[in-house]
Amino acid sequence: PKTWKRAVPKHDDYYKKIWEILTPFLQSPTQQVFDYVKSERYRKDMNYAIARATVDLKTETIKKGSPYTLRVTKTQDAYEKKLKIWEEDLALLKKLEKVWA
């Protein structure tokens, strides 16, 4: 992908505030990492909201300092999955071309 911008996924109203916090990060074409420094309760809520959504993000807890940091990182999982399918289709097409040539 040419940009790191990600769409805000559909979500429950319960997690509305969390997605409002994440929206500027998701809409940034250059920012790849977001550090959320909050107490455990807030970090768990954000982690759970991300886990329940279909979005290319991964999380990890940085256990340094207090409170700990929830690091949210944009991934290219959806792109990689589509690329793999495309490459498999291309290989199959080449096999078919050999059979029909």
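As a basis for the values below, the full set of heavy atoms in this structure was taken, side chains included, without hydrogen atoms, waters or symmetry mates.
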Nearest 0.5 Å please: distance from the [atom1] atom of [X] over to the [atom2] atom of [Y].
X	Y	atom1	atom2	result
T75	D56	OG1	CG	4.0 Å
Q27	T3	CD	OG1	11.0 Å
F34	T73	CZ	OG1	11.5 Å
K84	D89	NZ	CG	12.0 Å
H11	K17	NE2	NZ	11.5 Å
R6	Q31	CZ	CD	12.0 Å

| Distance-minimising heavy-atom pair for W19 and A53 | CZ2-CB, 3.7 Å
| field | Minimum-distance pair of heavy atoms, taken over all atoms of R43 and K38 | value | NH1-O, 2.7 Å
| remark: Per side-chain contact (heavy atoms from CB on, under 4.5 Å), I50 is matched among D45, T59, I18 by T59
| said: A cation-pi test, strictly: NZ or CZ of K74 under 6.0 Å from the centre of the six-membered ring of F25 and no more than 45 degrees from its axis. Yes or no? | reply: yes
| task | Indicate yes or no: at least one non-hydrogen side-chain atom of V55 is less than 4.5 angstrom from one of P9. | result | yes
| query | Are any of the side-chain heavy atoms of L26 and K5 separated by less than 4.5 Å? | reply | no
| query | Got a sec, which residues hit side chain to side chain donor-acceptor pair (under 3.5 Å) with K44, two or more places apart in sequence or on another chain? | reply | E40
| task | Quick one: do D35 and T69 satisfy side chain to side chain donor-acceptor pair (under 3.5 Å)? Show the steps, please. | result | CA-CA 6 Å; D35 286 339; T69 301; 5.9 Å; no
Applying a strict under-4.5 Å side-chain criterion to I, L, V, M, F, W and Y, I'd like to know whether [X] and [Y] cluster together.
X	Y	result
Y48	V37	no
Y68	L57	no
V8	Y15	yes
L22	Y14	yes

| task | List the steps and the verdict of side chain to side chain contact (heavy atoms under 4.5 Å, CB included) for E97 and L93. | result | CA-CA 6 Å; E97 285 176 343; L93 181 60; 4.1 Å; yes
